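Input: a single structure, listed below in structure tokens.
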Protein chains: 4
Amino acid sequence: MTTMSGPGTVPARQRDPERTRQDILDVAVKEFAARGYSGARVDEIAAKTRTTKRMIYYYFGGKEQLYIAVLEHAYSVARDAERRIDVDLLDPVAAIRRLAELTFDHHESHPDFIKIVAGENINNAEFIAKSKALAELNTPAVSVAARILERGYASGVFRRRVDAVDLHMMVSAFCYFRMSNRHTFGAIFGRDMLDPGRRDHYRAMIGELITSYLTGDSGAAPAFS
Amino acid sequence: MTTMSGPGTVPARQRDPERTRQDILDVAVKEFAARGYSGARVDEIAAKTRTTKRMIYYYFGGKEQLYIAVLEHAYSVARDAERRIDVDLLDPVAAIRRLAELTFDHHESHPDFIKIVAGENINNAEFIAKSKALAELNTPAVSVAARILERGYASGVFRRRVDAVDLHMMVSAFCYFRMSNRHTFGAIFGRDMLDPGRRDHYRAMIGELITSYLTGDSGAAPAFS
Amino acid sequence: MTTMSGPGTVPARQRDPERTRQDILDVAVKEFAARGYSGARVDEIAAKTRTTKRMIYYYFGGKEQLYIAVLEHAYSVARDAERRIDVDLLDPVAAIRRLAELTFDHHESHPDFIKIVAGENINNAEFIAKSKALAELNTPAVSVAARILERGYASGVFRRRVDAVDLHMMVSAFCYFRMSNRHTFGAIFGRDMLDPGRRDHYRAMIGELITSYLTGDSGAAPAFS
Amino acid sequence: MTTMSGPGTVPARQRDPERTRQDILDVAVKEFAARGYSGARVDEIAAKTRTTKRMIYYYFGGKEQLYIAVLEHAYSVARDAERRIDVDLLDPVAAIRRLAELTFDHHESHPDFIKIVAGENINNAEFIAKSKALAELNTPAVSVAARILERGYASGVFRRRVDAVDLHMMVSAFCYFRMSNRHTFGAIFGRDMLDPGRRDHYRAMIGELITSYLTGDSGAAPAFS
DNA sequence: TATGAATGAGCTTTCATTCAT
DNA sequence: AATGAATGAAAGCTCATTCAT
């Protein structure tokens with residue numbers, strides 16, 4: 001399966017700039033997710049596109065810029081999803097459980113995003129640092145969590161003191177790990193964490209993990225439980 | 001930063017095969033961890049070695065085989081650490097907390113391993129599949145967890161029913177995520193999860209998270225807790 | 001004799017794909033003929049070309065594909081020459097002699113082709129097997145020979161029964177051997193089979209060899225000759 | 001199937017120099033025959049040997065010297081076979097036919113020799129030129145042919161004047177071509193010249209070809225034959 | 001007589017990128 | 001707005017050979 005575009009490649013010419021750009025971006029997301037930045041090939045991305053390799057340079061400037069565009073796209077999708085979260089009408093326990101479940105669902109439905117984030121971390125997020133757009137990421141999920149915590153402490157249902165960012169981290173860790181480490185975990189423990197039959201089991205689990213933590217005692221001295 | 005081992009580089013000739021092999025392996029672990037499989041360069045690995053690039057092919061056969069050797073090495077180190085765990089004398093709650101803390105410590109002290117695992121998952125653990133040695137990985141940590149759980153249910157301190165593998169997953173998720181996602185998490189939330197000043201905080205957190213979960217009720221209907 | 005197309009080599013840039021391709025092919029024919037498949041060097045071929053090594057990969061994909069292109073080219077040239085043979089107006093004896101001479105001439109004027117065929121046979125024609133184009137080679141020479149034989153048997157001038165393919169083989173063997181084994185034969189017998197002064201001698205010889213065979217008796221019992 | 005001998009290759013040590021030498025030579029004959037000089041690999045030859053690559057250098061000095069030893073060996077075997085020819089008691093026609101058949105048989109039973117000769121010719125017999133031993137090759141077959149011709153002309157059975165070397169060439173061409181070009185000929189004409197079922201057919205054919213030539217008229221004007 | 005370890009040089013191939021219209 | 005042709009630089013890998021005992 002040689003990818004190097006020799007002479008004579010005849011792509012379907014088109015005249016819709018925005019569509020061409022989006023086409024490239026969609027393919028790039030998948031390729032960068034599947035192979036990482038250095039593993040992805042400009043030739044391969046081009047081959048899976050309606051246009052040619054030349055257009056990638058025309059629209060994005062180069063591999064790195066295309067990757068950053070992918071990154072920005074991926075994060076903006078995630079942020080938009082978080083903005084749609086609305087749990088203010090639920091009681092704190094139900095709300096925090098709902099937040100955990102939405103986080104769970106979002107991870108589950110964005111496997112490419114997970115891989116891209118994993119790749120970014122391998123190279124120390126150096127590309128995120130290069131992106132102006134990504135520098136000003138706000139994170140709705142944490143504010144949502146903060147509001148729920150406030151209500152929970154006020155009503156007394158939450159007894160363990162925890163920072164909203166830490167709470168978000170605990171939830172994310174669980175949801176992310178299940179997606180990110182599916183293959184090594186599966187290879188070692190013979191258990192596919194993404195088995196659809198186990199989905200609800202894990203979805204409930206993160207809710208219980210987090211609510212049992214919050215409603216339990218804080219501090220070192222466990223009570224009579 | 002010269003990379004090509006061209007003429008002029010004078011490697012110290014040696015006659016210690018095992019040392020030469022280990023030298024290459026040690027450097028390779030760091031390079032593959034830092035840049036992933038496709039990002040790592042055989043030239044670069046060789047340059048950081050006492051020997052030459054040629055020796056990598058002499059001892060390992062190629063980039064891929066070297067990578068697999070790195071993988072096998074990394075996993076065998078992890079497995080050996082798990083084998084040394086001994087928490088049988090502690091009461092179940094203390095034991096499970098201790099297990100979580102050891103897992104935490106092991107993750108913290110093996111950042112290269114984390115990155116290699118992350119990279120492996122990006123390419124769907126295809127290299128692990130190619131390794132005969134890795135196919136027969138046993139995982140002491142889970143048996144340890146299983147024994148603790150058994151004792152905990154027997155004595156009644158653990159009330160929530162959970163599978164040992166799932167327990168291990170919850171703990172691992174937390175410990176792994178903190179290491180693996182340090183950079184993106186830090187960029188977005190402005191919080192360095194590896195800040196030494198926060199280390200004990202997080203170390204205690206995973207213990208509490210897991211013990212509050214186990215000692216809480218199981219099932220959907222929360223009792224009087 | 002510089003081989004590596006290193007920096008400093010300034011190739012004449014051109015925009016004529018077909019010419020570039022042909023240029024590479026022409027050089028490759030000579031190199032593969034002179035050194036065989038494994039003895040030929042992509043660097044050396046490139047150096048003798050108007051373009052660079054990179055273009056060989058751009059146009060042909062690799063050393064092996066280039067070699068197969070050379071093979072296809074060489075055989076198509078030979079086939080085209082055979083197609084131009086027209087001896088239908090000559091009497092059978094003159095016609096078969098003429099066919100032998102044309103075969104002789106064609107071998108003489110295509111020394112590269114002879115070497116390439118010799119090389120192919122050393123590796124059991126495995127590259128020919130890989131070529132789709134070569135799989136469907138038709139061979140006009142044999143049909144021509146068959147028609148001559150038919151006429152010769154009909155008129156009674158040919159008395160020895162022989163298969164057209166075998167006839168072609170006898171002629172080819174002589175013409176090919178003279179070209180292919182020039183060097184070892186010369187070294188051992190001190191006679192250069194390609195000495196221009198002997199050319200007509202050998203050219204006549206194959207004609208006589210073949211006509212004396214055909215006009216002689218067939219079978220084991222020699223007549224009055 | 002990697003051949004590069006990495007560390008740890010443990011060959012069976014032996015103490016029989018002559019046998020070791022012969023072992024290497026035998027393997028080398030096959031490898032050089034199968035792949036030509038540049039296609040053969042010292043590593044591969046060593047791997048198929050009872051000893052190690054190092055011994056090739058120890059006994060022969062290098063790839064080239066090994067190849068020349070192979071060449072000398074191959075030619076000395078051929079020469080020895082020719083020396084055993086004895087056809088003096090047969091009448092000239094039977095004798096020349098017998099000589100042709102022995103030549104045929106010798107080619108048939110030495111396929112490796114054929115390939116080595118073919119390879120030598122591709123590189124213009126430059127290695128033969130380097131060998132002192134091969135410079136002084138005498139060729140019994142031609143003297144045998146010369147003696148037969150003499151008797152044939154004396155008795156009048158041979159009417160066509162031909163030089164002994166040319167006669168040998170005609171016979172060799174047929175016998176050699178059948179072996180050397182088996183694969184390309186087979187690919188193009190769909191006929192395996194080495195098919196055992198056709199062996200006697202071809203063996204008789206060269207005898208008839210050559211006797212019909214010798215017993216026919218010489219010169220340009222064919223008589224009543 | 002024998003050998004395990006090591007290696008310089010060069011080979012084929014790949015990659016992101018730019019030229020020139 | 002779009003593109004076919006071309007490419008420098010470097011990557012992974014292989015080869016015959018020598019080192020050092």
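Naming: A, B, ... by sequence-line order, numbering from 1 per chain. These numbers come from a predicted model, not from an experiment. Only heavy atoms go into these numbers, but all of them, side chains included; no hydrogens, no water, no symmetry mates.
Considering B:E64, B:E72, B:E120 as possible partners of B:K130, the one that fulfils the salt bridge (charged side-chain N to carboxylate O under 4.0 Å, His left out) test is B:E64.
Where the helix from E:dA2-F:dT21 to E:dT21-F:dA2 starts and where it ends, the local axes point in directions that differ by 30°; five pairs per end, rounded to 10°.
For B:R41, taking side-chain heavy atoms from C-beta onward, the closest of the listed nucleotides E:dT12, F:dA2, F:dA11 is F:dA11. Checked against E:dT7, F:dA5, E:dT3, the side chain of D:T51 finds its nearest nucleotide in E:dT3. Of the candidates E:dT12, E:dT3, E:dA16, the closest approach to any side-chain atom of A:D43 belongs to E:dA16. When each of F:dT7, E:dT7, F:dA6 is scored by its nearest atom to the side-chain atoms of A:K53, the top-ranked nucleotide is F:dA6.
What separates CZ of B:R54 from C1' of F:dC13 is a distance of 9 Å, to the nearest Å. Between the P atom of F:dC15 and the CD atom of D:E31 lies a distance of 12 Å, rounded to the nearest Å. Remark: C1' of E:dT12 and CZ of C:F32 are 12 Å apart, rounded to the nearest angstrom. Counting to the nearest Å, the P atom of F:dA10 and the CZ atom of B:R35 are 15 Å from each other. Atom C1' of nucleotide F:dG4 and atom CD of C:E18 are separated by 14 Å, given to the nearest angstrom. Spacing between atom CZ of B:R21 and atom P of E:dG4 amounts to 18 Å, rounded to whole angstrom units. Residue B:I45 contributes atom CD1, which lies 12 Å from atom P of F:dA11 at whole-angstrom precision.
Under the 3.5 Å distance criterion, with hydrogens and angles disregarded, a donor-acceptor pair is assigned to the side chains of B:N124 and A:K115. D:T49 and D:D23 form no side-chain donor-acceptor contact under 3.5 Å, judged by distance and modelled atom types alone.
One C1' atom belongs to E:dT1, the other to F:dA20, and the distance between them is 16 Å to the nearest Å.
The stretch residues 55-66 of chain D touches DNA chain E through D:M55, D:Y58, D:Y59, each having a heavy atom within less than 4.0 Å of the strand.
When every heavy atom of A:K30 is checked against every heavy atom of A:D112, the shortest pair comes out as CG-OD2, 3.7 Å.
Relative orientation of the A:F113 and A:Y75 rings is perpendicular, given thresholds of 30° and 60° on the angle between their planes.
Among the atoms of the strands shown, only primed sugar atoms or phosphate atoms (P, OP1, OP2) are found under 4.0 Å from some heavy atom of A:A40.
If you look at C:F60 and C:Y67, their ring centroids are not closer than 6.0 Å.
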Subject >> Verdict with reasoning, D:T51 to D:Y59, per side chain to side chain contact (heavy atoms under 4.5 Å, CB included) >> reply: CA-CA 11 Å; D:T51 38; D:Y59 281 102; 6.0 Å; no
**OP:** Mind running salt bridge (Lys or Arg N to Asp or Glu O under 4.0 Å) on A:R41 and A:E31 for me, showing each step along the way?
**Re:** CA-CA 8 Å; A:R41 300 288 168 248; A:E31 284 296 306; over 6 Å; no
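Of the possible donor and acceptor atoms, none in the side chain of A:K53 sits under 3.5 Å from a partner among the backbone N and O of A:I45.
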